[in-house]
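Heads up, the thing below is written out as structure tokens.
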Amino acid sequence: MMSSCKERTAGKSTKSWAPIFHLNVGFVVGVLFVLLIYLVASQKAAISGLNVPTTVAQRITDKQLSKGPGETFVTSDVLRIVDKQRIQGSGESVAGAAENGKVLYNTKGGYSETCEVDGDVRVNGASLSVSLVPTTTTSTTSSERRREWRILPYSRKTMTGIKNVTVIQLPDRSAAQACTARYTMPAVLFALGGLTGNFWHDFSDVLVPLFVASRRYGGEVQLLITNTQPVPWWPAAYGTILRGLSKYDPVSLDGDEHDVRCFPHITVGLHQHNGLSIVPEWVPGGPLSMRDFTRFMREVYALPRGAPASKRPRLLVVHRGHSRRIVNEEEIVRAAETAGFEAAAADLRRDVTVDEQARLVNSFDVLLGVHGAGLTNAVFLPPGGALIQVVPYGRMEVIARLEFGLPAKEMGLRYLDYEVSAEESTLLEMLGPEHPAIKDPLSVHRSGWDKMTEFYLNKQSVRIDVARFAPTLAQAFDYLRQQ
């Protein structure tokens, strides 16, 4: 018998750097309403979260994991996770008897789906399956019949082009495949591809959710990666972060040479809370926040600055070489210096790794740039610093604040934004004052995401009015001087 966690419909792939929004008038109002509900709920909701792996710990003995013929035995000091509780919470369902292990399915927040599988867990990379093997030899109750769940191991469950992981609850041990590698540490299985390769999505879709899933283990966790072909460079680019989360080299399940890897516990998939954000009550193993994530960034990259400068603060302008450029960038740098900052501009496009980039950003107190993936570098700023987001023309304020405004505040940064007027947008000269993109931005949003992206993200650059922008710079400077 097969039982599916969720009946899946094919989702449509989105653009390469931001969450899925289909903007129209109703959507803008709806997003504001949902945002209000989220802010209230995140403070008041007593959500249990995925606490299964932290309730009871029992050390695995050598006898329990005795080495068999043809097995590789991988040991660690981690304690085996044994769940003794039945957790009930919003978006969760529990299957399986405690004595035979347990599967916990989670859809909190609506972005993602994950399964926590606890017990005798066997991972087959070739078939991309995870099997829970019962301790009993034969099935005795109807609850122990074979069940299956299909989990998209990427944090956006509607993403296309990524293969599902099949989670199987076996009815008895006779159907189990023999282990070819045994581990005493738990595992986290996740996929790349999707929207990864864009700096914002690298963090919002993978790195922050991976931090949430694995931080509780203190490095004693094995990372299992699938679908690496679209971004083969990705594990090396973020190797410093991956090594900070796990003491062991990541294992690619694409063409895995081991037939079956066996673990005491596995998390299948990553849970995205709300973009570049963490809901503390949803974190398995105890609350974490974006402040914890940025502290982790400073730890793994050995960033020296944990507070902004006390004298002359430094401001970094994010240089963009394509759309959403600041046409008068040098003038803005001079204006920042006039306001009292030591200022510079830099291109923050990721090269081979982000290590040097992280150290550069950490040496500044303020990050200033037009809405785009480069502002994700705010995760490297010292706490107490500031983020200034230049919001492009075209009613983009809701997206801008969701993607960077709220996360900046959660990181402990002062957030300021500056909304570009039609006169400051290169679209005015390009299209003329009567074009709908200038005259009626909401009509462009009603036309759909593609049209909005075409005009306000891909074709637009800005020429900031220095006099109009000066008060924003002064506000940031005054804030830092008071720290």
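Side-chain atoms are counted along with the backbone in the values below, which use heavy atoms only and exclude waters and symmetry mates. Residues take their numbers from the sequence shown, with the count starting at 1.
- At least one donor-acceptor pair under 3.5 Å links the side chain of Thr180 to the backbone N or O of Val260.
- For Phe380, the ring-ring contact (aromatic ring centres under 6.0 Å, His included) partners two or more places apart in sequence, or in a different chain, are Tyr301.
- Remark: side-chain polar atoms of Arg122 are paired, donor with acceptor, to backbone N or O of Gln177 under 3.5 angstrom.
- Residue pairs meeting the salt bridge (Lys or Arg N to Asp or Glu O under 4.0 Å) criterion with at least one member in residues 266-276, sequence neighbours excluded, do not occur.
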Phe263 and Leu224: CA distance, side-chain angles, deciding distance, side-chain contact (heavy atoms from CB on, under 4.5 Å) verdict: CA-CA 12 Å; Phe263 298 91; Leu224 306 175; 4.0 Å; yes

Sequence neighbours excluded and cut-off under 3.5 Å, please list the side-chain donor-acceptor pairs for residues 475-483, or say none.
| from | atom 1 | to | atom 2 | distance (Å) |
| --- | --- | --- | --- | --- |
| Tyr479 | OH | Gly384 | O | 3.0 |
| Gln483 | NE2 | Tyr479 | O | 3.3 |

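- Pairs passing the disulfide (SG to SG under 2.5 Å) check and including a residue from residues 239-269, sequence neighbours excluded, read Cys179-Cys262.
- Not a single donor-acceptor pair under 3.5 Å links the side chain of Asn227 to the backbone N or O of Ile162.
- Distance alone, capped at 3.5 Å, is enough to place a donor-acceptor pair between the Thr294 side chain and the Met290 backbone.
- Using a cutoff of 4.0 Å between basic side-chain nitrogens and carboxylate oxygens, Asp120 and Arg173 are scored as salt-bridged.
- Of the possible donor and acceptor atoms, none in the side chain of His271 sits under 3.5 Å from a partner among the backbone N and O of Thr114.
- Of all heavy-atom pairs between Val206 and Trp234, the closest is CG1-CH2, 3.4 Å.
- Listed for the Thr196 side chain is a donor-acceptor partner under 3.5 Å among the backbone atoms of Gly193.
- When the side-chain hydrogen bond (donor to acceptor under 3.5 Å, both in side chains) test is applied to Asn377, the partners found at least two apart in sequence or on another chain are Gln357.
- Side-chain contact between Ser277 and Leu406: absent, with no pair of heavy atoms (C-beta onward) separated by less than 4.5 Å.
- Applying the side-chain hydrogen bond (donor to acceptor under 3.5 Å, both in side chains) test to Asp249 and every residue at least two apart in sequence or in another chain returns nothing.
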Stepwise side-chain contact (heavy atoms from CB on, under 4.5 Å) check, Val167 with Gln169: CA-CA 7 Å; Val167 177; Gln169 183 179 351; over 6 Å; no

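- Here Thr184 contributes atom OG1 and Gln222 contributes atom CD; the two are 10.5 Å apart, rounded to the nearest 0.5 Å.
- Residues Met411 and Val379 are in side-chain contact: their nearest non-hydrogen atoms beyond the backbone lie under 4.5 Å apart.
- Without hydrogens or angle criteria, Asn362 side chain to Leu381 main chain gives no donor-acceptor distance under 3.5 Å.
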Would you please test Phe211 and Phe203 for side-chain contact (heavy atoms from CB on, under 4.5 Å) and show each step? CA-CA 10 Å; Phe211 171 78; Phe203 278 83; over 6 Å; no

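- Using a 4.5 Å heavy-atom cutoff, the side chains of Arg298 and Pro383 are in contact.
- With contacts defined as side-chain heavy-atom distances shorter than 4.5 Å, the pair Asp292/Arg215 does not qualify.
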